[in-house]
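Indexing begins at 1, ligand by ligand and atom by atom, following the structure's order.
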Amino acid sequence: MPDSQVMEKLVSLCKRRGFVFQSSEIYGGLNGAWDYGPLGVELLKNIKECWWREMTFRQNIEGIDAAILMHPRTWEASGHVENFTDPMVDCRQCKSRYRLDILFEEVSAKKQKEILRELDPERFKGQQRDEAVLKEFQTLAEGSPGAILAAMSCPNCGNRGTFTEARKFNLMFKTFVGPVEDSGSVVYLRPETAQGIFVNFLNVQSAARQKLPFGIAQIGKAFRNEINTKNFLFRTREFEQMEMQFFCRPGTDVGHFEYWREQRFAWFLSLGIPQENLRWHRHEPGKLAHYAKDAYDIEFKFPFGWGEIEGIHNRTDYDLSRHEEFSGKNMKYFDEASKEKFIPYIIETSAGASRSFMAFLVNAYAEEEAPTAEGGKELRVVMKFHPDLAPVKAAVFPLVNRDGMPEIARKIEDDLRRRLRIFYDDSGAVGRRYRRQDEIGTPFCITVDSETLENQTVTVRDRDSMRQERIASDRLCDYLLKKTTPRAEGNPVRGQ
Ligand code: GAP
């Protein structure tokens with residue numbers, strides 16, 4: 001199936017089955033904002049729950065939930081006021097706005113050759129290999145973007161030479177506190193959750209009586225006024241992050257960095273993303289963020305190409321030093337054993353909850369042949385979510401709506417509902433009920449049939465193998481809890 005079709009099918013399934021809706025759809029929607037529906041909110045919650053357990057069920061990681069609005073000096077100290085910008089150009093003709101790097105990225109290899117030949121006919125007249133052209137084009141894009149812009153047509157209106165010069169555009173959303181909208185009352189919607197952790201470093205350390213090395217984890221909303229929102233949930237203006245900042249003694253940072261890289265990659269594997277759909281991207285030295293000494297992204301193979309789902313950074317002592325400088329408050333750690341005072345280094349693991357949501361959706365989507373009750377074959381769409389992530393853990397069906405089966409099925413539903421998300425369905429043939437559950441990724445379907453009336457067993461059908469087994473109805477709850485909730489034994493108390 002072509003990749004563009006997968007995305008179309010997913011977006012449509014998300015709306016039809018209640019995973020994701022366009023924000024304020026009745027008003028035509030709002031670009032870069034999405035609403036999570038009844039199933040989406042469960043999936044997102046399960047992703048966050050798995051992350052929270054993975055990160056905070058350790059003896060040296062504490063959690064916090066900091067405010068979205070922070071003192072505006074925070075963002076001067078962090079470097080966001082100065083550096084959190086994207087270069088942007090407008091088309092004077094149709095007023096479309098583009099992020100410069102993305103505009104250049106989307107120029108085809110053929111078009112790149114044409115532009116280079118036009119700018120320097122002598123040098124580029126012969127046939128060149130695509131990689132060589134790509135390199136030349138990149139060098140020119142970084143050195144003199146204006147020359148390329150003058151030779152390019154606007155992708156929207158097709159007019160040539162209509163681009164403005166590139167300008168810096170800060171991605172932070174501004175708003176005001178209090179009744180007066182002047183420069184003294186400006187605050188920002190946080191563009192990352194990390195700063196709420198840094199400014200609370202000593203509060204958490206002393207309240208929780210932690211010693212280095214230790215980490216602070218947080219899940220929360222972040223906002224970025226992205227110039228181009230695209231690819232469904234991939235780049236949005238409002239999204240959620242799951243971040244952990246690990247504080248350590250300078251000199252031990254490289255070891256901790258490697259440890260967390262390995263841990264974070266393993267987390268995605270443990271939730272069912274195969275190795276071949278994940279890869280590392282290391283930031284080249286010249287392209288590191290202003291605060292980083294080393295950085296790797298975990299990338300997932302989306303239908304539209306590889307895209308970052310989590311960044312792991314060695315942030316050195318940049319953040320705490322800057323907060324010490326801008327606030328005038330001590331941000332040093334006192335090491336009791338050596339009686340030394342120093343600013344710790346920070347290793348950051350920063351995952352997007354919304355981007356991970358999208359990766360888990362894409363990863364789960366499958367179309368397969370399935371047998372029909374009449375002995376034929378039909379196509380089934382099945383979301384093969386890891387059971388810990390599945391929004392609904394089990395569905396309960398009475399085989400027929402008579403002979404006492406609905407009453408038993410309702411009783412089973414009531415018992416299970418106390419512990420798990422359950423769906424009850426008594427309409428249509430059982431095969432059709434299976435298909436409806438497959439499409440939302442329910443791992444188990446329980447059917448009450450005539451044998452249940454005799455021996456209190458039910459059939460439990462597995463979503464992926466489609467095999468059925470008989471289980472005593474009073475064992476169902478334990479069986480499902482074991483198979484569909486994050487397992488405590490998978491999370492022993494850990495340090496590092
Ligand atoms: N504190 C570091 C930080 O924020 P980042 O690489 O800018 O680093 C971390 O963001 C993660 O947040 C990304 O890997 C991605 O999963 C998610 N993210 C960033 N911008 C996003 C956006 N506009 N929409 C959705 N997710 C985004």
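Some N or O of Glu243 is nearer than 3.5 Å to an N or O of ligand 1, by distance alone. At a 3.5 angstrom cut-off on N or O pairs, Glu226 counts as close to ligand 1. Here's the thing with Arg235: none of its N/O atoms is less than 3.5 angstrom from an N/O atom of ligand 1. Between Pro191 and ligand 1, no pair of N/O atoms sits closer than 3.5 Å. Remark: ligand 1 and Phe239 share no N or O pair separated by less than 3.5 Å (distance only, no angle test). On a distance-only criterion, Glu308 and ligand 1 share at least one N/O pair closer than 3.5 Å.
Side-chain rings of Phe300 and Phe268 stay apart, their centers remaining 6.0 Å or farther from each other. Separation of the Phe246 and Tyr259 ring centroids does not fall under the 6.0 Å cut-off. Separation of the Phe234 and Phe302 ring centroids falls under the 6.0 Å cut-off. Aromatic ring centres of Tyr318 and His290: separated by under 6.0 Å.
The contact set between ligand 1 and Glu348, taken as ligand atoms under 4.0 Å from a residue heavy atom, comprises 1 (N), 2 (C).
Among Met242, Gln241, Glu192, the residue whose heavy atom lies closest to atom 10 (O) of ligand 1 is Gln241.
When non-hydrogen atoms are compared, ligand 1 lies under 4.0 Å from the side chain of Arg315 (C-beta onward) but not from its backbone. Of all the heavy atoms of Thr229, none lies under 4.0 Å from any atom of ligand 1, so neither backbone nor side chain is involved.
For atom 17 (C) of ligand 1, the closest non-hydrogen atom on the protein side is Gly352 CA, 3.8 Å. Nearest protein heavy-atom contact of atom 19 (C) of ligand 1 is Arg224 NH1, 3.4 Å.
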- Task: Could you walk me through whether Ser23 and Arg237 pass the side-chain contact (heavy atoms from CB on, under 4.5 Å) test, one step at a time?
- Result: CA-CA 12 Å; Ser23 159; Arg237 297 201 168 108; over 6 Å; no

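Note on ring orientation: taking the six-membered ring where Trp is involved, the planes of Phe104 and Phe137 are perpendicular (angle over 60°, cut-offs 30° and 60°).
Distances from ligand 1 to the non-hydrogen atoms of Lys230 include no value under 4.0 Å.
Between Lys111 and Met152 there is no side-chain heavy-atom pair separated by less than 4.5 Å.
In this structure, Arg190 fails the cation-pi test against Phe223, since its NZ or CZ atom is not both closer than 6.0 Å to the six-membered ring centre and inside 45 degrees of the ring normal.
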